[in-house]
Amino acid sequence: PGPPQGGAGGRRLAAAPGGGGEDERPPEERQVPFVARIVNASGTACGACDRRNCTGCLLPKGSARLRLRAGLLTGAVSTAKIYLALDWVDSAVYDQDYVDAVADDVSVARANATESWRDSDGANSDSAPAGEFSQGSGAVPISACIDAFAQPEELKVEFGNGVKCETCNENVDCVKKLEIWREPDVLILHIKRFHFSGVHYEKLNTPIDIPIKELNLRPWIVGPSATNSAPYELYGVVNHFGGMSGGHYTSYCMNTEGKEPVWLKFNDESVTSVSLGKEMEEVSRQGYVLFYRKRAFSSSNLINYSSLL
């Protein structure tokens, strides 16, 4: 970490005790001249919570617990990353000797070794067929995305999103939770590809482990139909490339009119037949809207659909 760039726009912190003069104590005995905050990859917003104006939650000291936003550490432990920003008091107290003297924890070497192993030729023992992309353990499973969707959300008056109580007519704290009562025959999943950092929206290109078949909502259904849930299969994808200021959409759709299903890729006026397995790297990182349907529709919907044919 480097010293702050200075100027009125920098972060303001309380002055470190002890006054001027050069500290001759060993680095491990000196008082830390900074605070550590959890931030996003660019360091522009908080990486631990979703509060709009939070520029980074403080890293707790000792054994204190920190509550992280849902899905932050989803995926393999070796690929999960937390970014820390060190807010120094000012450039005058920036201590390069202190920084140079800090030794890496053994977990750093272990993580680097694991990452190097994954990058080697034999990293994935259960590799995909030739020419096809293996989504692998580094991708976030779609189940984690649904888990995050179903997580309770605390609405706090102090953060401006309290709820007005119908009894006392006062704004109060509450907990909001979304649940699935019964599964639909057609399921549309909208992946959260944009995150508001507190200053602007950021495009998220996190790879998602998207199942082509055997997606089952049973773990998240709270109604009585959970015991009779049927698996879904993917039949359409919308991809988004770019950011908020500009981008491009492509899509995939499964055509079942022939003897065998055929996947088609739509890119403006171009329509080509593709092997979806070879397109999964693009789908995993750029997939924005996923379309699933049950293998077996409910009887009521079969009647409705048959009337449209």
Side-chain angles (χ1 to χ4, degrees), residues 40-42 44-45 71 74-75 79 124 127-146 148-149 183-217 231-295 297 301 304-309:
N40 60 3
S42 61
T44 57
T74 300
T79 59
N124 292 313
S127 57
E132 295 196 3
F133 171 70
S134 175
Q135 299 184 73
S137 58
V140 177
I142 196 72
S143 58
C145 299
I146 302 175
F149 170 81
E183 56 187 2
D185 284 346
V186 175
L187 175 68
I188 301 176
L189 298 180
H190 183 183
I191 304 297
K192 183 178 179 180
R193 287 295 185 189
F194 295 94
H195 170 68
F196 187 72
S197 65
V199 180
H200 53 78
Y201 277 94
E202 299 174 339
K203 175 68 183 294
L204 304 177
N205 294 315
T206 306
I208 306 296
D209 192 351
I210 298 172
I212 299 177
K213 298 180 179 180
E214 302 300 331
L215 173 64
N216 201 312
L217 293 182
Y232 289 87
E233 61 180 4
L234 186 70
Y235 74 93
V237 179
V238 175
N239 295 325
H240 178 272
F241 299 85
M244 289 294 292
S245 58
H248 180 66
Y249 288 93
T250 64
S251 63
Y252 298 90
C253 187
M254 182 169 61
N255 182 1
T256 58
E257 294 298 321
K259 294 182 179 180
E260 295 292 335
V262 176
W263 279 95
L264 300 176
K265 180 176 182 178
F266 298 83
N267 186 356
D268 290 337
E269 71 278 3
S270 172
V271 180
T272 55
S273 61
V274 296
S275 169
L276 190 63
K278 296 179 180 180
E279 304 289 323
M280 285 310 293
E281 181 173 9
E282 177 178 304
V283 172
S284 176
R285 295 183 179 277
Q286 310 298 339
Y288 192 33
V289 185
L290 310 177
F291 298 84
Y292 284 91
R293 61 186 175 194
K294 277 186 182 180
R295 290 189 184 168
F297 283 0
N301 277 333
N304 293 333
Y305 296 151
S306 63
S307 66
L308 299 176
L309 297 177

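For the pair Asn205 and Gln286, the minimum side-chain heavy-atom distance is below 4.5 Å. In this structure, the side chains of Tyr232 and Glu183 come closer than 4.5 Å at one or more pairs of heavy atoms. The shortest distance between side-chain heavy atoms of Lys203 and Phe194 falls below 4.5 Å. For the pair Leu187/Leu215, a side-chain contact is recorded, criterion being any heavy-atom separation below 4.5 Å from C-beta on.
Ring planes of His240 and Tyr288: tilted class, angle from 30 to 60°.
Shortest non-hydrogen contact noted between Asp209 and Pro141 is CB-CA, 3.8 Å. In plain terms, the two heavy atoms of Tyr292 and Pro211 that are nearest each other are OH-O, 2.6 Å. Of all non-hydrogen atoms in Cys145 and Val140, the two that sit nearest each other are SG-CG1, 4.2 Å.
Side-chain atoms of Arg193 come within 3.5 Å of backbone atoms of Thr206 as a donor-acceptor pair (strictly under, hydrogens ignored). Although no hydrogens or angles enter the test, the distance criterion places no donor-acceptor pair under 3.5 Å between the side chain of Ser273 and the main chain of Leu264.
Distance check: Lys192 NZ to Phe149 CZ gives 12.5 Å after rounding to the nearest 0.5 Å.
In the model, Asn267 has no side-chain atom that pairs as donor or acceptor with a side-chain atom of Thr250 under 3.5 Å.
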